[in-house]
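First the proteins, then the strands, lettered A, B, ... as listed; each starts at 1.
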Number of protein chains: 2
Amino acid sequence: MAAPSRKPDVFQAIADPTRRQLLSMLGEREMPVTVISCHFPMSRTAVSKHLRILAEAGLVKERKVGRETRYRLEPEPLLELKRWLAYYERYWDNKLLALQRFVEGDETDGTISLITPDEDGTRSAE
Amino acid sequence: MAAPSRKPDVFQAIADPTRRQLLSMLGEREMPVTVISCHFPMSRTAVSKHLRILAEAGLVKERKVGRETRYRLEPEPLLELKRWLAYYERYWDNKLLALQRFVEGDETDGTISLITPDEDGTRSAE
DNA sequence: ATTATATGAAACCAAAAGGTTTCATGTCAA
DNA sequence: TTGACATGAAACCTTTTGGTTTCATATAAT
């Protein structure tokens with residue numbers, strides 16, 4: 001599944017509210033562009049561009065049917081997000097957090113590196 | 001870049017790889033700007049601006065200590081992301097997905113709306 | 001065949017994002 | 001007090017983003 005170019009990653013793709021709305025809309029059923037776009041206060045072309053960004057991030061798939069192109073949700077890339085988020089679960093346990101702060105004491109220089117997720121949350125592909 | 005009048009939401013905040021790296025760095029320990037910025041290939045001022053964006057999204061907190069300002073992770077806003085993501089868990093079950101497609105049959109007009117999360121994943125407050 | 005529909009590509013534009021450099025201010029150290 | 005450090009604010013620049021309008025092409029319908 002290697003796609004190492006500069007395609008927009010999932011973090012970028014879901015940053016835009018319009019695109020999040022598109023995802024929720026396309027989860028239920030496959031839809032053609034014209035139908036999709038009538039739910040948005042912008043031109044069909046603009047929606048089409050958002051769909052392209054989602055497609056490049058792997059979050060939607062297109063399928064040609066006659067003269068229309070239908071899009072549907074492809075949730076798999078969200079797993080990367082889930083994985084990224086999972087790392088931070090440990091901070092939601094306040095007790096652990098408090099303990100950690102206590103153990104750290106008063107240190108200030110900040111040069112150590114404990115376990116971290118991929119530095120920027122971008123795993124090449126697998 | 002500047003902070004627009006509207007606060008950046010968490011989706012926006014984590015869209016940038018530098019900011020994700022900042023989060024993972026600040027999870028382990030509180031750190032002052034100068035120390036943080038020496039890990040990045042950009043100016044201290046640029047890092048400072050990223051920190052501001054994270055702070056406005058509630059993802060980091062500042063604390064003044066003498067002449068330095070220390071930042072640390074504040075994971076709570078990630079819960080919104082987790083909540084958003086949770087909706088899509090249902091699509092990761094391929095069997096459910098297949099069943100759904102079968103039930104939908106051949107319909108094409110796409111005007112129905114089944115349950116969806118907040119349309120754009122932005123809940124005012126909670 | 002002709003016309004209407006569905007869509008993407010292209011050219012263009014304003015605003016936002018990400019970065020830089022310079023300057024002002026507050027705090028620590030001699 | 002004087003000077004060095006830590007930081008944020010301001011002004012500025014370039015690239016990206018999100019949108020528009022127009023045009024070309026493929027399919028469908030009459």
Side-chain angles (χ1 to χ4, degrees), chain A residues 5-23 26 30-57 59-72 108-111 120 122, chain B residues 1-23 26 30-57 59-72 108-111 120 122:
Chain A
S5 34
R6 265 149 218 85
K7 297 189 178 183
D9 59 66
V10 66
F11 293 94
Q12 256 252 94
I14 66 162
D16 185 277
T18 298
R19 289 196 287 268
R20 290 198 295 279
Q21 211 175 327
L22 281 168
L23 290 183
L26 295 174
E30 154 185 287
M31 289 162 72
V33 177
T34 304
V35 172
I36 297 169
S37 73
C38 76
H39 294 125
F40 292 87
M42 67 187 72
S43 72
R44 173 190 55 76
T45 313
V47 171
S48 199
K49 287 209 265 183
H50 280 299
L51 286 168
R52 171 150 305 281
I53 289 170
L54 289 173
E56 282 172 357
L59 284 163
V60 300
K61 264 198 168 170
E62 341 177 338
R63 168 178 153 241
K64 299 273 284 186
V65 176
R67 61 183 157 182
E68 55 186 33
T69 307
R70 298 186 193 164
Y71 289 85
R72 72 162 204 277
T108 64
D109 92 307
T111 50
D120 62 352
T122 302
Chain B
M1 84 180 84
S5 35
R6 265 186 70 81
K7 287 191 201 171
D9 58 68
V10 66
F11 292 93
Q12 259 255 95
I14 67 163
D16 186 277
T18 298
R19 290 196 287 269
R20 290 198 296 278
Q21 213 176 326
L22 281 168
L23 289 183
L26 295 174
E30 156 185 282
M31 289 163 74
V33 177
T34 303
V35 172
I36 298 170
S37 72
C38 75
H39 294 126
F40 292 87
M42 66 187 72
S43 71
R44 173 189 55 76
T45 314
V47 171
S48 199
K49 287 207 262 185
H50 280 301
L51 286 168
R52 170 151 306 280
I53 290 170
L54 289 173
E56 283 171 357
L59 284 164
V60 300
K61 266 197 165 168
E62 344 178 336
R63 168 178 151 241
K64 300 274 281 185
V65 175
R67 59 183 157 178
E68 53 186 34
T69 308
R70 298 186 192 164
Y71 289 84
R72 73 162 204 278
T108 64
D109 90 307
T111 49
D120 62 353
T122 301

Does the pair B:M31 and B:H39 meet the rule for a side chain to side chain contact (heavy atoms under 4.5 Å, CB included), with working shown?
-> CA-CA 12 Å; B:M31 289 163 74; B:H39 294 126; 4.1 Å; yes
Whether [X] contacts [N] is assessed here as follows: a side-chain N or O lying under 4.0 Å from the phosphate OP1 or OP2. Is that the case?
X     : N      : result
B:Q12 : C:dA17 : yes
A:S48 : C:dG8  : yes
B:T34 : D:dT7  : yes
B:Y71 : D:dT7  : no

Output the rounded distance in Å from [atom1] ([X]) to [atom2] ([N]).
X     : N      : atom1 : atom2 : answer
A:I36 : C:dA6  : CD1   : P     : 13 Å
B:R70 : D:dA6  : CZ    : C1'   : 12 Å
A:M31 : C:dA6  : CE    : P     : 13 Å
B:F11 : C:dA16 : CZ    : C1'   : 20 Å
B:R63 : D:dT7  : CZ    : P     : 13 Å
B:E56 : C:dG18 : CD    : C1'   : 15 Å
B:R52 : D:dA10 : CZ    : P     : 11 Å

Could you run through nucleotides 25-30 of chain D and give me one letter per nucleotide, 5' to 3': B if any protein heavy atom sits under 4.0 Å from the base, S if only the sugar-phosphate is that close, - if neither?
-> --BS--
List the steps, then state whether side chain to side chain contact (heavy atoms under 4.5 Å, CB included) holds for A:V60 with A:R72.
-> CA-CA 5 Å; A:V60 300; A:R72 72 162 204 277; over 6 Å; no
Assign A:E62 to base, sugar-phosphate, or nothing according to its heavy-atom contacts below 4.0 angstrom with the strands shown.
-> nothing
Give one of base, sugar-phosphate or nothing for A:F40, where a contact means two heavy atoms less than 4.0 Å apart.
-> nothing
Do [X] and [Y] touch side chain to side chain, with heavy atoms closer than 4.5 Å?
X     : Y     : result
B:L59 : B:L22 : no
B:F11 : A:R20 : yes
A:D16 : A:H50 : yes
A:D9  : A:Q12 : yes
A:L51 : A:L26 : yes

Output yes when A:E62 and A:K64 qualify as a salt bridge under the 4.0 Å nitrogen-oxygen rule, no when they do not.
-> no
Pairs under 3.5 angstrom, nitrogen or oxygen only, protein versus nucleotides 18-24 of chain D, please.
{"residue": "D:dG18", "atom": "OP1", "partner": "A:D16", "partner atom": "OD2", "Å": "3.3"}
{"residue": "D:dG18", "atom": "OP2", "partner": "A:R19", "partner atom": "NH1", "Å": "3.1"}
{"residue": "D:dG19", "atom": "OP2", "partner": "A:H50", "partner atom": "NE2", "Å": "2.2"}
{"residue": "D:dG19", "atom": "N7", "partner": "A:K49", "partner atom": "NZ", "Å": "3.1"}
{"residue": "D:dG19", "atom": "O6", "partner": "A:K49", "partner atom": "NZ", "Å": "2.5"}
{"residue": "D:dT20", "atom": "OP1", "partner": "A:S43", "partner atom": "N", "Å": "3.4"}
{"residue": "D:dT20", "atom": "OP2", "partner": "A:S43", "partner atom": "N", "Å": "2.8"}
{"residue": "D:dT20", "atom": "OP2", "partner": "A:S43", "partner atom": "OG", "Å": "2.6"}
{"residue": "D:dT20", "atom": "O4", "partner": "A:K49", "partner atom": "NZ", "Å": "3.3"}

Test log, rule side chain to side chain contact (heavy atoms under 4.5 Å, CB included), inputs B:T69 and B:R63 = CA-CA 6 Å; B:T69 308; B:R63 168 178 151 241; over 6 Å; no
